[in-house]
Chemist: 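Just dropping this structure here.
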Amino acid sequence: MIWKVLIFAIVAYVLFRLFTNDRKKREEKIQNEEAQRVANGNLVRDPICGTYVEKESSISVRDGEHVEHFCSHECRQKYMDKIENQEKIS
Ligand SMILES: [Zn+2]
């Protein structure tokens, strides 16, 4: 009965490989798409939580020369608090 175990092991291994390869490819694709959109200027990175947000739908704050984009009001508030604290120190 050892061959049954062997076949099962091979099938499980093949399925495992297919599944992991598929997931890896999908992750790479998502990353590529994200990088593409960042390059196009459609996506901007939230400096607080690090997620990418659509430029149009983000919450932006002008900080002197440059503009920061945030995914939520919560992140914007955190950023504002950080700036305030930095100004207090310096
Ligand atoms: Zn955020």
Side-chain angles (χ1 to χ4, degrees):
M1 297 300 149
I2 194 83
W3 59 274
K4 267 188 184 174
V5 177
L6 214 71
I7 287 169
F8 177 78
I10 290 164
V11 168
Y13 177 72
V14 168
L15 283 176
F16 173 75
R17 282 300 298 265
L18 280 176
F19 178 72
T20 50
N21 276 349
D22 206 46
R23 211 174 60 176
K24 212 176 162 188
K25 269 185 206 157
R26 215 178 304 149
E27 271 170 16
E28 270 170 18
K29 204 182 156 201
I30 288 166
Q31 276 177 355
N32 284 342
E33 276 172 6
E34 216 163 57
Q36 194 65 49
R37 289 167 85 188
V38 171
N40 288 341
N42 295 331
L43 274 187
V44 283
R45 195 167 179 270
D46 183 327
I48 298 301
C49 64
T51 48
Y52 289 95
V53 281
E54 296 272 352
K55 208 170 194 175
E56 281 85 45
S57 61
S58 69
I59 299 146
S60 56
V61 172
R62 184 173 284 278
D63 178 22
E65 287 290 291
H66 65 281
V67 181
E68 295 287 2
H69 299 270
F70 305 96
C71 69
S72 63
H73 288 281
E74 206 179 9
C75 284
R76 192 190 66 169
Q77 194 54 51
K78 276 182 195 166
Y79 183 76
M80 300 298 260
D81 292 345
K82 216 172 104 183
I83 288 176
E84 257 174 46
N85 287 337
Q86 275 173 357
E87 276 168 3
K88 268 179 215 156
I89 296 160
S90 60

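None of the values given here were measured: they were computed from a predicted structure. In each ligand, atom 1 is the first atom listed, and ligand 1 is the first ligand listed.
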Chemist: Are V11 and F19 linked, directly or through other ILVMFWY residues, by side chains that come within less than 4.5 angstrom of each other?
Modeler: no

Chemist: Any chance the side chains of Q77 and D81 put a donor and an acceptor closer than 3.5 Å?
Modeler: yes

Chemist: Which residues pass the side-chain hydrogen bond (donor to acceptor under 3.5 Å, both in side chains) test with H73, sequence neighbours left out?
Modeler: none

Chemist: Roughly how far apart are L18 CG and R23 CZ, rounded to 0.5 Å?
Modeler: 13.5 Å

Chemist: Could you grab the distance from atom CD1 of I2 to atom CD1 of I7, nearest 0.5 Å is fine?
Modeler: 11.5 Å

Chemist: How many protein N, O or S atoms sit closer than 2.8 Å to the Zn ion (ligand 1)?
Modeler: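 My tally for this metal is 4.
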
Chemist: Please report the shortest heavy-atom distance between D46 and C71, naming the atom on each side.
Modeler: OD2-N, 2.9 Å

